[in-house]
There are 2 protein chains.
Amino acid sequence: MKLYDYLPSGNSYKVRLLLSYLGLSYEHVLLDIHKGETQTEDYKFKNPVGQIPLLELADGRRVAESNAILFFLAKDTPYWPATHFEQTKALQWMFFEQYKHEPSIAVARFIRMYAMDTRVGELQSLMPRGEAALGVMEAHLATNFYFASTGPSVADISLYAYTHVAGDGGFELSDYPNIMAWLDRMSDHPRHIRITDTPML
Amino acid sequence: MKLYDYLPSGNSYKVRLLLSYLGLSYEHVLLDIHKGETQTEDYKFKNPVGQIPLLELADGRRVAESNAILFFLAKDTPYWPATHFEQTKALQWMFFEQYKHEPSIAVARFIRMYAMDTRVGELQSLMPRGEAALGVMEAHLATNFYFASTGPSVADISLYAYTHVAGDGGFELSDYPNIMAWLDRMSDHPRHIRITDTPML
């Protein structure tokens, strides 16, 4: 199993985190998105969308989209909930993550981490949208330990990735005590790994 | 079963289309997003994200996010693929739909349909992003009749919703012959319904 990856990416980190929880080994292919390494003809043959992460199986089949990779890997493990309704809720939160959370929080982080002067103007709309997403999570966590089920699932792994580094995007996580407590529960997992301390390859 | 809905919404249409395929009846609650009817305290109690569609079950449980609702309804039907790999591919395309396709094609359609003069500037970046998404679909359909499986699945229903009205957003579908042929295959379904001929409530 081969994971095409870029270390600072939260989308890729989701996959690395689940692979660690499951104790699965894999070959790591690091690509630098800033050098166009996901936009080459060779790579776009593998993933026409030109993004990481991409999981390539031993038989050559490939899966793109971080949350679809989580679904693929979590089958028959505790991280894919047992009931159909909880499975639906896990997906509901994962679609929320890709539609409301990642496009605001991850993009604000990207603009600030790489000091992209030409895109600083976007922060004016990104910040309130990110705060709104964090507000929805905070309210849910007021009465739930996790997002879709009684234990951590693919939904929690998905949301953890960019939430725990939201500070890089200028969000003040201490304003969200329920989120802070959930982040602690997540990082207490015995097989937890960190996103990386090395933002640049 | 109750569907909170706004007729011109492609996200809601996905759900109506699958409900029609399955021959399921439901109560229809129409909300006008332009009058703030999804932003009231009552509605945000039901769906904290303040969006349609929202499915409410007879026992009061609720599911938000159009693609999660499709997953919920498609269980044990031909529209949820049989194998785990095909299920993964269906979700891969549905995450593509919410991350790459809907945020460009549906937003361009929204800006043009409602002649939102203050947002016309966004079209400059939305149009090439929408063309890129259509290009990825066109290439896939060069060698496949459907997206995730040998027959139509939730992935096709999801992508059909905003693709078939991409013309409203200024996209020229006749540039994409494989997409045109797939749209015809989809609308040939014996239980096909149209999004609506009435764009305003």
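The structure displayed is predicted, hence computed values, not measured ones. Within every chain, numbering begins at 1; the chains are lettered A, B, ... in the order of the sequence lines, protein sequences first and strands thereafter.
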Exercise for the section: Give, for atom CE of B/Met94 and atom CE of A/Met94, the distance between the pair rounded to the nearest 0.5 Å. Expected result: 12.0 Å
Handout entry: Residue A/Tyr26 excluded, over 12 heavy atoms near OH under 6.0 Å
Key = yes
Practice task
Would you indicate whether A/Met116, at its atom CE, is surrounded by more than 12 heavy atoms from other residues, nucleotides or ligands within a distance under 6.0 Å?
Solution key: yes
Handout entry: The single option from A/Val63, A/Leu55, A/Leu70 passing side chain to side chain contact (heavy atoms under 4.5 Å, CB included) against B/Thr88
Key = A/Val63
Exercise for the section: Check the side chains of B/Tyr99 and A/Glu102 for a donor-acceptor pair under 3.5 angstrom, ignoring hydrogens and angles. Expected result: yes
Problem - Derivation and outcome, side chain to side chain contact (heavy atoms under 4.5 Å, CB included), residues A/His84 and B/Phe71 - result: CA-CA 9 Å; A/His84 185 62; B/Phe71 170 84; 3.4 Å; yes
Completion exercise
If one checks every heavy atom of B/Lys89 against chain A at 4.5 Å, the contacting part turns out to be side chain
Fill in the blank from the handout: If one checks every heavy atom of B/Ile69 against chain A at 4.5 Å, the contacting part turns out to be neither
Problem - Close side-chain approach of A/Gln51 and B/Lys100, heavy atoms under 4.5 Å - result: yes
Problem - Under 4.5 Å from a heavy atom of chain B, the part of A/Val136 involved - result: side chain
Exercise for the section: For B/Gln92 and A/Ala64, indicate whether the former's side chain and the latter's backbone hold a donor-acceptor pair under 3.5 Å. Expected result: yes
Handout entry: Contact winner vs chain A - B/His140, B/Gln98, B/Arg61, heavy-atom pairs under 4.5 Å
Key = B/Arg61
Exercise for the section: On the 0 to 90° scale, with breaks at 30° and 60°, tag the B/Phe72-A/Phe85 ring pair as parallel, tilted or perpendicular. Expected result: perpendicular
